[in-house]
Amino acid sequence: MKLFIIALIVLGVCVEDTFGKNSFGIVNKFRRHTKLSVRCWSGNDKFGTIFLMNGQEKHWRFDDAFFHETVFHCELKHGYHFMHFQTFVAYTSKWNDSLKNRSNATWLAAEKGLYKIWEHRSPEFMYHWL
């Protein structure tokens with residue numbers, strides 16, 4: 001049993017809301033009263049669905065997997081019966097040190113679509129709502 005637990009630690013199993021050097025976040029930046037449905041997952045974790053009201057945000061911290069790339073996908077929905085949506089890659093681990101900070105991002109959900117902020121830059125438009 002101890003060997004199994006050590007193997008999980010060495011493999012870098014991610015757990016929601018734990019301490020880690022990597023992170024991503026989702027922020028509801030709609031101007032009008034809009035409930036945002038957020039569902040994020042990786043190969044190791046499924047965070048379940050949460051709802052963010054205007055101005056609310058959620059951040060996850062974690063460590064990358066040791067033997068393979070860590071990728072987190074998110075599906076955001078809003079509108080009448082959550083009919084507007086977008087599914088995207090919210091985080092990808094990078095083994096190249098020159099790109100490491102690009103993977104830690106905050107995603108803003110707004111009327112036009114999704115914006116990405118990383119390295120304290122201005123928000124960059126990434127995706128329209130479908």
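All figures in this text were calculated on a predicted structure; none of them were measured in a lab.
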Kindly give the heavy-atom pair with the smallest separation between [X] and [Y], and that separation in Å.
| X | Y | value |
| --- | --- | --- |
| His59 | Gly25 | ND1-CA, 3.4 Å |
| Glu69 | Thr92 | OE2-CG2, 3.1 Å |
| Ala109 | Leu76 | CB-CD1, 4.3 Å |
| Leu114 | Gln86 | CD1-CG, 3.7 Å |
| Lys116 | Met126 | CB-CG, 3.6 Å |

Using a side-chain heavy atom cutoff under 4.5 Å and only I, L, V, M, F, W and Y, what cluster partners does [X] have?
| X | result |
| --- | --- |
| Phe85 | Leu130 |
| Met83 | Tyr80 |
| Ile117 | Val27, Leu108, Tyr115, Phe125 |

* When Phe47 is tested against each of Trp41, Phe62, Phe72 for ring-ring contact (aromatic ring centres under 6.0 Å, His included), which residue passes? -> Phe72
* side chain to side chain contact (heavy atoms under 4.5 Å, CB included) between Trp118 and Asn104, worked out -> CA-CA 6 Å; Trp118 53 276; Asn104 293 316; over 6 Å; no
* Can you list every pair that meets disulfide (SG to SG under 2.5 Å) and has a residue in residues 27-82, with sequence neighbours left out? ->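 Non-adjacent pairs meeting disulfide (SG to SG under 2.5 Å): Cys40-Cys74.
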Would you find a donor on one side and an acceptor on the other, under 3.5 Å apart, between the side chain of [X] and the backbone of [Y]?
| X | Y | result |
| --- | --- | --- |
| Thr70 | Asp64 | no |
| Glu111 | Phe30 | no |
| Asn28 | Thr34 | yes |

* What's the verdict on side chain to side chain contact (heavy atoms under 4.5 Å, CB included) for His78 and Lys35, showing C-alpha distance, side-chain angles and the deciding distance? -> CA-CA 6 Å; His78 74 94; Lys35 183 188 282 187; over 6 Å; no
* With sequence neighbours excluded, tell me which residues meet side chain to side chain donor-acceptor pair (under 3.5 Å) with Glu124. =>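 By the side chain to side chain donor-acceptor pair (under 3.5 Å) rule, Glu124 matches no residue at all.
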* **Partners passing side chain to side chain donor-acceptor pair (under 3.5 Å) against Gln56 (at least two apart in sequence or in another chain)** =>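 Gln56: no side chain to side chain donor-acceptor pair (under 3.5 Å) contacts found.
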* Given side chain to side chain contact (heavy atoms under 4.5 Å, CB included), test Leu36 with Ile26 step by step and report yes or no. => CA-CA 10 Å; Leu36 183 67; Ile26 308 289; 4.1 Å; yes
* To do: Determine which pairs satisfy salt bridge (Lys or Arg N to Asp or Glu O under 4.0 Å) with at least one residue from residues 70-81, sequence neighbours left out, and list them in order.
  =>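 The answer is Arg39-Glu75, Glu75-Lys77.
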Return the set of residues passing ring pair (Phe, Tyr, Trp, His ring centres under 6.0 Å) with [X] (not counting sequence neighbours), or none when no residue passes.
| X | result |
| --- | --- |
| His81 | none |
| Phe88 | Trp107, Tyr127 |
| Phe51 | Phe82 |

* Structure fact -> With sequence neighbours left out, the residues meeting salt bridge (Lys or Arg N to Asp or Glu O under 4.0 Å) with Arg32 are none
* Asked: If we only count heavy atoms from C-beta on, is the Lys58 to Ile50 side-chain gap below 4.5 Å?
  -> yes
* Asked: Excluding sequence neighbours, so at least two apart, what forms side-chain contact (heavy atoms from CB on, under 4.5 Å) with His120?
  ->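 Once residues adjacent in sequence are excluded, His120 has no partner under the side-chain contact (heavy atoms from CB on, under 4.5 Å) criterion.
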